[in-house]
2 protein chains.
Amino acid sequence: MEDENPPVVAPTMPEPRLVEPTALEIVRTRSLASLVAQEIEAMILAGTLAAGERLNEQQLAVRLGVSRGPVREAVRGLERSGLVVSVRNQGSYVRSVSTAEALEIYDLRAALTGLACARLAGTASAADRAALEALVARMDQARRADDAPAYYGLNLDFHAALLARGGGPRTRRLYEDLGNELHLFRRRALVEPENMRESNAEHAGIVAAIAAGDAAAARAAGEAHIAGGKRRFQSTDASATHAGPTHAPDSAARDPGPPPAKAPAAPGGRPRRAARSATN
Amino acid sequence: MEDENPPVVAPTMPEPRLVEPTALEIVRTRSLASLVAQEIEAMILAGTLAAGERLNEQQLAVRLGVSRGPVREAVRGLERSGLVVSVRNQGSYVRSVSTAEALEIYDLRAALTGLACARLAGTASAADRAALEALVARMDQARRADDAPAYYGLNLDFHAALLARGGGPRTRRLYEDLGNELHLFRRRALVEPENMRESNAEHAGIVAAIAAGDAAAARAAGEAHIAGGKRRFQSTDASATHAGPTHAPDSAARDPGPPPAKAPAAPGGRPRRAARSATN
DNA sequence: CGCGGGCAAACTGTTGACAGACTGCACTTG
DNA sequence: CAAGTGCAGTCTGTCAACAGTTTGCCCGCG
């Protein structure tokens, strides 16, 4: 989704973006299917396509102004990526992540973050440290101003910077994918005022350990930070077992049925062939 | 790929596979595109499609007896999965993993294995311990018999069992994907006689730590084991920087060109439209 | 009144075909 | 003789159409 955001770690340099992605250049470079995939992914992450909702190829095609071919390819890619699940002759559904899986993803992210922090503790340059410290400072500023959205964005930047500088490209992509899956679970921003202070204190601890060159401490701090997020998430998540279709090729026993169960997919009881007229 | 294998941890029970996947049943359940994807993935992993090789949609289509549509969908999925890279109007190439990336994947696998071991140390049942110990015993047996292939397979089973029992389904799938990517690097089996003893000793250490319920020790042992594999891999890998196309949407600067560089793709100087007549 | 069978609609799966783009080669030209 | 240019071939990207299957509804029957 977030392909063209500033270098992810731009706390100091605005990076004027010399190579502006011309529309024509985009068309020449990216395939239509990849564009469609990007668009659908954005829709899913934005909530336009709710979790568990059915993806109608034809509707998506006309909505995006393309044929069904690219849409199918895009959906297939998203399926492999874990954002949607498909069943033959029935359709594709936006994957609904269960609570158990969300917690598992937290563990995965913790491990990845710890890995990046440990590596960063050994290889961090002065610029790296400065960038991270600047982000922490800006987050602290946002916290004082009680600007939750700003803090949220900076938090994302901080973690992205951690992974970008401490991990390789593969690690970074993996982290982003996991983050997307987690976003899928619930839209609600889980950043609350009283959490910001605790969260940023942990951030500072991570940076301090990295600056000290203590790989073990940095790793522990990074993991503890994500674990804290997991704990906060758990505490705010009253709804218990929310078992939806996890991932098609994985579920050993497919008791509840591949689609969002036999029960009606949409909470509103909307019939299958919903006659959505306009854009939404 | 390996959808219908026995429970991954079948060291004792041959598992007669009661639910035999009837061909008709397969056709009814899995989409043609997923079958094609499975087949192409198998080809890539088996080496039939060499790393860096170009994927001709038409040839693949006729070779698999389907049209180009499913092939395209499959390739798109594999692209998202990281096994192939595609450039518009030029084609898809089997991804060639650079040495740096292979090492990074080792780190990732180490983190994942450590995570699974740590969790397993706290939650392992008697059956889990027995299964793991049985696998270690069988590996020791294979080592004594100097049966490298058997050891190799059992080693895979051991690690799969570790992940299956210690991690959730997401973790398991991730580990498998990373393993596939690693397989992509080079075909050569990196299991050598003198390594088997060391390797299995580490296995035994992991199981012992798990049995003792020491999460930290189990995690350290698991990570050290993968790190040892990484080290062994590094020592046997004389070829230095082997920079191929890493991952299309990731590479920040695309200097060397998206395809396997401007230089001839095939080392043998094979012309682009290779006229491979038969099955290969 | 509940239930099973049958029917129709919609959607997905797949295929074939057409247009555009890139590659490589041969030819012309300075 | 080298470099640039034009051309043909092949392949990918995209689209439109056909067939098979599932789903939901309606009607007849017990």
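Protein chains get the first letters and strands the later ones, always in sequence-line order, with residue 1 at the start of each.
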Round to the nearest Å and state the distance from [X] atom [atom1] to [N] atom [atom2].
| X | N | atom1 | atom2 | answer |
| --- | --- | --- | --- | --- |
| A:N56 | C:dA10 | CG | P | 12 Å |
| A:E57 | D:dA16 | CD | P | 15 Å |
| B:L55 | D:dC11 | CG | P | 13 Å |
| B:Y93 | C:dC22 | OH | P | 12 Å |
| B:L60 | D:dT10 | CG | C1' | 16 Å |
| B:L64 | C:dG13 | CG | P | 18 Å |
| B:Q59 | D:dC11 | CD | P | 7 Å |
| A:R76 | C:dG13 | CZ | C1' | 9 Å |

B:S92: what forms a side-chain hydrogen bond (donor to acceptor under 3.5 Å, both in side chains) with it, not counting sequence neighbours?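 So B:S92 forms a side-chain hydrogen bond (donor to acceptor under 3.5 Å, both in side chains) with B:S86.
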
The criterion is side-chain hydrogen bond (donor to acceptor under 3.5 Å, both in side chains); which residues satisfy it with A:S34, sequence neighbours excluded?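 A:S34 satisfies side-chain hydrogen bond (donor to acceptor under 3.5 Å, both in side chains) with no other residue.
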
Set of residues satisfying side-chain contact (heavy atoms from CB on, under 4.5 Å) with respect to B:A110, sequence neighbours excluded: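 B:A110 satisfies side-chain contact (heavy atoms from CB on, under 4.5 Å) with B:I226 once adjacent residues are dropped.
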
Partners of B:A74 by side-chain contact (heavy atoms from CB on, under 4.5 Å), sequence neighbours excluded?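 side-chain contact (heavy atoms from CB on, under 4.5 Å) list for B:A74, sorted by chain: B:V36, B:A37, B:I40.
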
Restricting to salt bridge (charged side-chain N to carboxylate O under 4.0 Å, His left out), what partner residues turn up for [X], sequence neighbours left out?
| X | answer |
| --- | --- |
| A:E181 | A:R95, B:R170 |
| A:R72 | A:E57, B:E73 |
| B:D177 | B:R173 |

Every protein N/O lying under 3.5 Å from an N/O of nucleotides 6-8 of chain C:
none

Keeping A:E79 on the side-chain end and B:G77 on the backbone end, is there a donor-acceptor pair under 3.5 Å?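 Such a contact is absent between A:E79 side chain and B:G77 backbone.
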
Below 4.0 Å: OP1/OP2 of [N] and any side-chain N or O of [X]:
| X | N | answer |
| --- | --- | --- |
| A:R88 | C:dT14 | yes |
| A:R54 | C:dT12 | yes |
| B:N89 | D:dC11 | no |
| B:R72 | D:dT12 | no |

Pull out every protein N or O sitting under 3.5 Å from an N or O of nucleotides 15-19 of chain C, one pair per line with the distance.
from	atom 1	to	atom 2	distance (Å)
C:dT15	OP2	B:S67	N	2.9

Just how far is it from atom CZ of B:R80 to atom CZ of B:R76, taken to the nearest 0.5 Å?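 Answer for the CZ-CZ pair, B:R80 versus B:R76, is 11.0 Å.
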
